[in-house]
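Read the structure below first, then the notes.
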Amino acid sequence: MWYEGKRLRLTYSIGDLHFEEPYGRRYFITRDSEGQLQTVLSFLPYHRGRRYCVDVMYRRPDGLTGAMEHAIISAAMKMKEDGVEEVSLNIAPLAGIDVTKLETNWVERLMYAIYQNMDFGYDFKNLYRFKSKFGPTTWKMRYLVYDPKMPLLNLALSITNTKGVRNIRFYLRYARFFASLFLYPERFRKHRSGH
């Protein structure tokens with residue numbers, strides 16, 4: 001009942017600006033001196049619209065260096081002027097997993113390996129680096145809930161498939177990466193021992 005009554009349901013919104021159902025989102029664009037579109041940002045409201053988190057970020061592939069950083073800072077400053085209490089850069093998935101603990105399980109080690117090695121599709125490590133450069137005042141822990149009976153390969157694919165790309169080369173690269181992890185589990189041990 002509770003879920004059915006929710007007006008806004010959070011889902012993966014990679015690539016979707018939600019113009020048809022904005023639910024209070026704020027949109028910002030950046031143009032260069034010639035009027036060419038450089039960036040598009042959308043921010044999703046939370047805490048009764050007094051706070052916003054970045055939802056979608058687009059940057060022109062051949063755009064100006066630093067255009068996205070400028071766009072985010074400018075949008076945050078504008079929202080501050082408008083009385084917004086907090087602007088969040090949203091989550092940095094899989095960052096901060098500690099595999100040095102003896103009780104680290106296979107799922108945590110798999111997530112760590114994805115974070116360390118996946119630089120195609122959804123690049124978790126570079127996303128964390130990008131958000132870190134803004135010097136956030138607070139990092140808040142977020143947790144991934146999963147069914148322990150779910151096969152690890154299914155869990156890994158569900159995490160790495162956040163972009164929803166239907167490209168055979170993309171999936172073959174993932175398959176090769178996961179196969180190497182399962183065939184050569186010493187990669188996990190290597191990370192645990194700190195070598």
Side-chain angles (χ1 to χ4, degrees), residues 3 6 8-18 23 25 39-47 51-59 68-69 71-73 75-76 86-101 103-167 170-182 185 187-188 190-192:
Y3 183 74
K6 298 297 279 182
L8 174 62
R9 297 177 186 178
L10 294 179
T11 58
Y12 285 127
S13 61
I14 307 297
D16 192 344
L17 288 166
H18 301 280
Y23 293 118
R25 284 178 174 83
T39 66
V40 178
L41 294 172
S42 81
F43 287 82
L44 185 65
Y46 66 101
H47 209 272
R51 301 175 182 182
Y52 282 81
C53 63
V54 70
D55 186 33
V56 177
M57 300 183 290
Y58 283 127
R59 184 179 73 84
M68 184 56 74
E69 290 85 343
I72 290 171
I73 291 168
E86 179 179 279
V87 175
S88 169
L89 295 173
N90 220 322
I91 64 171
L94 308 185
I97 297 172
D98 182 2
V99 294
T100 61
K101 302 177 296 185
E103 65 272 14
T104 302
N105 64 35
W106 268 94
V107 173
E108 291 169 313
R109 284 180 265 157
L110 176 62
M111 298 305 138
Y112 180 79
I114 291 170
Y115 175 80
Q116 291 295 334
N117 298 287
M118 288 297 203
D119 61 354
F120 47 92
Y122 198 110
D123 191 338
F124 296 101
K125 190 189 285 188
N126 276 335
L127 181 63
Y128 171 74
R129 285 181 185 151
F130 176 78
K131 292 180 178 186
S132 295
K133 75 167 70 173
F134 292 93
T137 54
T138 312
W139 286 98
K140 296 177 183 174
M141 296 296 289
R142 295 293 180 259
Y143 298 92
L144 175 68
V145 178
Y146 62 92
D147 182 348
K149 296 180 198 127
M150 176 186 271
L152 286 177
L153 186 58
N154 290 359
L155 179 62
L157 287 172
S158 71
I159 289 170
T160 54
N161 190 30
T162 54
K163 281 201 170 192
V165 177
R166 301 290 182 254
N167 180 309
F170 184 78
Y171 282 109
L172 287 174
R173 287 188 77 178
Y174 278 136
R176 189 170 67 227
F177 172 74
F178 291 127
S180 72
L181 287 178
F182 288 108
R187 280 191 179 194
F188 291 134
K190 191 163 121 179
H191 288 310
R192 279 183 75 182

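No experiment lies behind these values; they were computed from the predicted model shown. FYI, the numbering just counts along the sequence from 1.
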Residue list, side chain to side chain contact (heavy atoms under 4.5 Å, CB included) with Ser42, at least two apart or on another chain: Leu17, Arg25, Tyr27, Asp55, Val56
Partner residues of Arg142 under the salt bridge (Lys or Arg N to Asp or Glu O under 4.0 Å) criterion, sequence neighbours left out: none
With Thr39 via side chain to side chain donor-acceptor pair (under 3.5 Å) - residues at least two apart: Thr30
Result of checking Thr104, Asp98, Ile97 against Tyr112 for side chain to side chain contact (heavy atoms under 4.5 Å, CB included): Ile97
Shortest non-hydrogen contact from Tyr46 toward Cys53: CE2-N, 3.7 Å
Under the ring-ring contact (aromatic ring centres under 6.0 Å, His included) test, residues paired with Phe43 that sit two or more places apart: Phe28
Interatomic distance, Leu89 atom CG to Ile72 atom CD1 [nearest 0.5 angstrom]: 6.0 Å
Partners passing ring-ring contact (aromatic ring centres under 6.0 Å, His included) against Phe130 (at least two apart in sequence or in another chain): Phe134
Test item: Leu41 and Met68 side chains (from C-beta on) under 4.5 Å apart, heavy atoms: yes
Pairs meeting criterion side-chain hydrogen bond (donor to acceptor under 3.5 Å, both in side chains) with involvement of residues 127-138, two or more places apart: Glu69-Lys133, Asn126-Arg129
Donor + acceptor pair across side chains of Asn90, Ser88 (<3.5 Å): no
Expected output: side-chain Gln116 to main-chain Ala113 donor-acceptor under 3.5 Å: no
